[in-house]
Amino acid sequence: VAPSLAECEAHDAADPLAEFRDRFALPEGIIYLDGNSLGALPRATAGHLTRVVEAEWGTGLVRSWNEAEWIDAPRRVGAKIARLIGADSDEVLVADSTSVNLYKLLRAALSADPARHTILTEPGNFPTDLYIAKGIAADDPGVRVHTVPREALVDAAGPGTVVLLTHVHYRTGERFDMAAVNSVVRGRGGIVVWDLSHSVGAVDLDLAAARTELAVGSGYKYLNGGPGAPAFVYVARDLQARLRSPLTGWLSHAQPFAFSDDYVPAPGLDRFQCGTPPILSLAALECGVDLYLEADMALVAAKGQALCDLFLERVERLCTGLELVTPRDPQARGSHISFRHPHAYAVMQALIARGVIGDFREPEVIRFGFAPLYNSFTDAWRAAEVLAEVLASRAWDDSAFQVRSRVT
Ligand SMILES: Cc1ncc(COP(=O)(O)O)c(C=O)c1O
């Protein structure tokens with residue numbers, strides 16, 4: 001039996017993570033289920049950014065590179081993210097965007113071994129992953145991109161393969177068994193690059209236990225780093241000295257301030273930096289990451305699963321005309337639930353007009369992300385009610401809801 005509203009309120013009252021909700025500046029009356037696209041604003045961020053801007057930039061000026069430790073921010077925030085994903089502090093660096101980091105890691109993995117010439121990925125992977133891989137192949141006649149459906153994917157891996165996978169699929173929410181994929185691909189002589197954009201801050205990750213070698217992830221989704229927050233790159237320590245970044249900017253140099261004409265890569269992960277880090281964006285990201293450091297990641301992951309379960313159960317009980325595209329098994333999915341509906345875009349617009357913010361993805365998918373730090377059981381309960389009302393009343397069938405914006 002699906003829980004009642006009173007039972008959801010009791011769940012919220014007993015939730016050890018409930019206190020985190022108040023640490024976010026969420027608007028009244030909004031049920032925000034799009035933290036898998038753009039995370040909510042932590043309350044601490046605005047004040048911290050004001051301090052960084054006024055005191056560190058305004059007063060400290062260029063001295064702040066040392067005095068405010070700006071130069072260490074990519075490694076410092078990286079080390080904090082490492083704690084969330086089961087990595088060591090010298091294995092994660094914050095830099096650039098997810099797309100740029102994918103480029104760096106794919107190129108580095110390919111050029112580390114002359115026998116490697118194929119990027120193996122799945123059709124329907126996130127577009128930037130596919131486009132970056134195809135762009136590399138377009139620039140280098142020696143590289144080809146091979147897409148194989150996930151059922152057959154690991155069996156297609158071999159010694160010449162760099163496998164590129166998104167751990168939690170952006171549209172369907174399906175989750176790979178990271179340790180199992182790593183093990184099969186490694187056994188076949190290949191290497192895996194994981195995109196953790198929909199995993200970090202949402203599901204339990206233990207990169208060391210899974211023997212993950214290479215990964216990237218987003219800073220602005222569940223990590224709540226703000227629009228366009230820099231991303232992170234993970235390189236297992238053993239590999240760091242063997243990989244070279246293709247973007248040999250000055251901050252990837254062993255001694256950037258020697259201003260030498262000759263390039264020598266930094267000995268460790270710093271070789272995956274490129275240019276000057278975006279300090280203001282890093283400051284915002286650090287506020288988002290710091291909140292996670294106060295939470296128990298096992299509780300975070302378990303709550304994400306419970307919220308998804310509750311929402312799914314209620315939607316299936318109350319709604320007709322939706323086709324579930326996310327696995328029912330919590331172990332086989334991330335922290336969002338997606339449904340197909342022939343008028344998905346308009347349905348989502350009608351929901352947003354009622355204060356329930358999720359998003360739409362082609363083809364005809366509505367997506368509801370549950371961010372365990374700020375979403376509650378009553379959010380999940382109420383969102384299902386509103387969805388049921390929109391579907392039953394055909395409220396979506398209004399010309400105002402059919403017009404597509406540039407960002408969908
Ligand atoms: C799986 C995945 N990878 C990458 C990206 C985007 O990367 P970038 O931050 O470079 O735009 C997204 C954005 O939604 C994503 O879902």
Side-chain angles (χ1 to χ4, degrees), residues 33-40 74 77-78 81 85 92-107 119 121-136 145 147 150 163-176 178 181 192-203 205 212 214-234 245-247 272 274-275 277-278 281-282 284-285 288-289 325-326 333-338 348 357-363 365-371 406-408:
L33 302 180
D34 210 6
N36 51 324
S37 183
L38 174 67
V77 183
I81 293 172
I85 63 176
V92 182
L93 171 80
V94 174
D96 305 308
S97 62
T98 306
S99 304
V100 172
N101 289 332
L102 281 167
Y103 178 77
K104 290 188 282 193
L105 288 192
L106 288 171
R107 274 249 72 112
I119 301 173
T121 186
E122 62 169 343
N125 195 352
F126 189 78
T128 216
D129 302 60
L130 294 174
Y131 303 162
I132 292 286
K134 288 177 182 175
I136 289 173
V145 177
T147 57
R150 63 172 57 192
V163 177
L164 168 62
L165 293 175
T166 299
H167 180 229
V168 171
H169 194 275
Y170 77 98
R171 187 195 309 118
T172 66
E174 285 166 281
R175 180 182 359 158
F176 281 103
M178 185 185 279
V181 171
V192 190
V193 176
W194 289 102
D195 182 340
L196 305 178
S197 292
H198 288 273
S199 312
V200 60
V203 300
L205 289 170
T212 296
L214 300 168
V216 300
S218 172
Y220 53 75
K221 298 178 187 291
Y222 294 101
L223 292 184
N224 306 309
F232 66 89
V233 52
Y234 158 90
S245 171
L247 299 179
F272 283 95
C274 184
S281 301
L282 264 157
L285 174 60
V289 172
V325 295
T326 306
R333 67 173 190 234
S335 199
H336 68 267
I337 299 282
S338 303
M348 186 48 73
I357 303 182
D359 66 17
F360 161 82
R361 285 291 173 263
E362 293 285 4
V365 166
I366 47 176
R367 224 175 40 157
F368 301 88
F370 290 88
R406 271 187 75 195
V407 178
T408 60

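Heads up: numbering here begins at 1 and tracks the sequence. We count ligands from 1, going down the list as the structure has it; atoms in each ligand are counted the same way. Just so it is clear, the structure is predicted and the values come from calculations on it, not from any experiment.
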Element-labelled atoms of ligand 1 that are located less than 4.0 Å from some non-hydrogen atom of H198: 1 (C), 15 (C), 16 (O)
K221 near ligand 1 by a heavy-atom separation under 4.0 Å: yes
Which atom of A133 lies closest to which atom of L164, heavy atoms considered: CB-CD2, 4.3 Å
Plane angle bin for H198 and Y170 - parallel if under 30°, tilted between 30 and 60°, otherwise perpendicular: tilted
Atom 7 (O) of ligand 1 [closest protein heavy-atom partner, distance rounded to 0.1 Å]: T98 CB, 3.4 Å
Under 3.5 Å side-chain donor-acceptor pair for T98 and S218: no
Sub-4.0 Å atoms of ligand 1 with respect to non-hydrogen atoms of D129: 3 (N)
Atom 5 (C) of ligand 1 [closest protein heavy-atom partner, distance rounded to 0.1 Å]: F126 CE2, 3.4 Å
Atoms in ligand 1 flagged as close to T166, the criterion being non-hydrogen separation under 4.0 Å: 1 (C)
Separation of D129 CG from L102 CG (nearest 0.5 Å): 5.0 Å
Element-labelled atoms of ligand 1 that are located less than 4.0 Å from some non-hydrogen atom of Y220: 6 (C), 7 (O), 8 (P), 9 (O), 11 (O), 13 (C)
F368 CZ to I337 CD1 distance, which is reported to the nearest 0.5 Å: 10.0 Å
Polar atom proximity, S99 to ligand 1 (N or O, under 3.5 Å): yes
Rounded distance [0.5 Å steps], OH in Y103 versus OG in S97: 13.0 Å
Atom indices of ligand 1, in the order listed, that fall short of 4.0 Å to a heavy atom of T128: 4 (C)
Atoms in ligand 1 flagged as close to S97, the criterion being non-hydrogen separation under 4.0 Å: 10 (O)
D195, any N or O under 3.5 Å of ligand 1 N or O: yes
